[in-house]
Amino acid sequence: MAEEEAKKVETSSTETHKEEKENALVPLALLPSSHHSKALVAVENPSEADEEKNEGSIDRDTVLARVATEKRLSLVKAWEESEKSKAENKAQKKISAIGAWENSKKASIEAELRLIEEKLEKKKAEYIEKMKNRIAEVHKSAEERRADIEAKKGEDILKAEEIAAKYRATGTAPKKLLGCF
């Protein structure tokens, strides 16, 4: 009975080993390019199963160790790609945030510039109006002075004509002559 149990254990362990070998995970690097994907694929490899029967448990341990190493390396590679992707996404998010910040700052500065330009335009219009008013005042003052001078000239001419008529009527000569005679 003990022999039967030993045979059962031995046959079940070899069957389990065969099932493990048939369902073994193979890294992407060992698959043809048409089978590449992010997941590990179970592949049957009949040549390895035949070799394993012949070489025994030592070869099986090395194959299992190699499969475990390849699995670990593929997990490391997947992790590395994931971390690189995270870093790129994070950097892209920060770059776009900086671009949005820059655009909002530019817009606010341009709005402020437009306000300042409007204020300056208003002040310029006010100063232009003041200067035109001053020019108009100067012109008005000049016209008043010209009118005063014309009026004075008219008065002086009338006065001179009256005095000349008086001298003619009396027959006397003026005492003051024009400064050159």
Side-chain angles (χ1 to χ4, degrees), residues 1-140:
M1 197 141 128
E3 290 178 11
E4 289 178 10
E5 286 180 12
K7 286 183 181 180
K8 277 185 181 178
V9 170
E10 192 174 291
T11 55
S12 68
S13 68
T14 56
E15 288 175 2
T16 307
H17 180 64
K18 285 180 183 176
E19 288 175 14
E20 286 175 1
K21 201 58 174 164
E22 288 175 358
N23 296 330
L25 297 177
V26 177
L28 291 176
L30 298 178
L31 291 177
S33 63
S34 63
H35 293 288
H36 282 229
S37 70
K38 296 273 181 178
L40 297 178
V41 179
V43 174
E44 279 187 41
N45 198 344
S47 63
E48 285 184 10
D50 291 339
E51 288 176 9
E52 192 173 302
K53 288 179 186 175
N54 294 336
E55 293 179 10
S57 66
I58 295 173
D59 194 31
R60 182 185 68 153
D61 290 341
T62 58
V63 170
L64 289 175
R66 184 175 48 130
V67 168
T69 303
E70 289 173 355
K71 180 179 178 181
R72 182 176 40 83
L73 291 176
S74 67
L75 289 174
V76 168
K77 185 176 180 181
W79 176 85
E80 179 184 15
E81 289 176 6
S82 172
E83 290 298 313
K84 285 179 180 178
S85 176
K86 284 180 188 177
E88 287 177 10
N89 291 341
K90 186 177 181 181
Q92 186 61 36
K93 185 177 178 181
K94 287 183 178 183
I95 288 171
S96 64
I98 289 171
W101 173 82
E102 179 185 19
N103 291 337
S104 69
K105 290 296 181 181
K106 281 182 181 178
S108 67
I109 290 171
E110 287 172 357
E112 188 177 339
L113 178 64
R114 282 191 296 275
L115 288 174
I116 291 171
E117 286 175 348
E118 288 175 10
K119 287 180 182 178
L120 289 175
E121 288 295 322
K122 286 179 182 178
K123 282 188 175 185
K124 180 180 176 182
E126 289 173 3
Y127 283 128
I128 289 172
E129 187 66 28
K130 285 180 182 178
M131 294 301 128
K132 285 183 178 179
N133 289 341
R134 286 177 63 187
I135 290 171
E137 287 176 12
V138 167
H139 181 69
K140 182 181 174 184

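All values derive from a computational prediction rather than experimental measurement.
Judged by distance alone, the side chain of Ser82 and the main-chain N or O of Ala78 form no donor-acceptor pair under 3.5 Å. When atom types are taken as modelled, the side chain of Ser96 and the backbone of Gln92 share a donor-acceptor pair closer than 3.5 angstrom.
If you take CD1 on Ile109 and OG on Ser104, they are separated by 9.5 Å, rounding to the nearest 0.5 Å. Summarising the geometry, atom CG belonging to Leu120 is positioned 8.0 Å from atom CD belonging to Glu117; distances are rounded to the nearest 0.5 Å. Note: Lys130 NZ to Lys123 NZ = 10.0 Å, rounded to the nearest 0.5 Å. The CZ atom of Arg72 sits 10.5 Å away from the CD atom of Glu70 when rounded to the nearest 0.5 Å. Once rounded to the nearest 0.5 Å, the distance linking NZ of Lys140 with CD1 of Ile135 reads 16.0 Å. We find the CD-CD1 distance between Glu121 and Ile128 to be 8.5 Å, quoted to the nearest 0.5 Å.
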Derivation of the salt bridge (charged side-chain N to carboxylate O under 4.0 Å, His left out) call for Lys106 and Glu102: CA-CA 6 Å; Lys106 281 182 181 178; Glu102 179 185 19; 3.5 Å; yes

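Enclosure of atom CD in Glu112 is not indicated, since only 12 or fewer non-hydrogen atoms of other residues, nucleotides or ligands lie within 6.0 angstrom.
Salt-bridge formation is detected for the pair Glu80/Lys84: a Lys NZ or Arg NE/NH1/NH2 atom is positioned less than 4.0 Å from an Asp or Glu carboxylate oxygen.
The shortest side-chain heavy-atom distance between Glu83 and Lys86 falls under the 4.5 Å cut-off.
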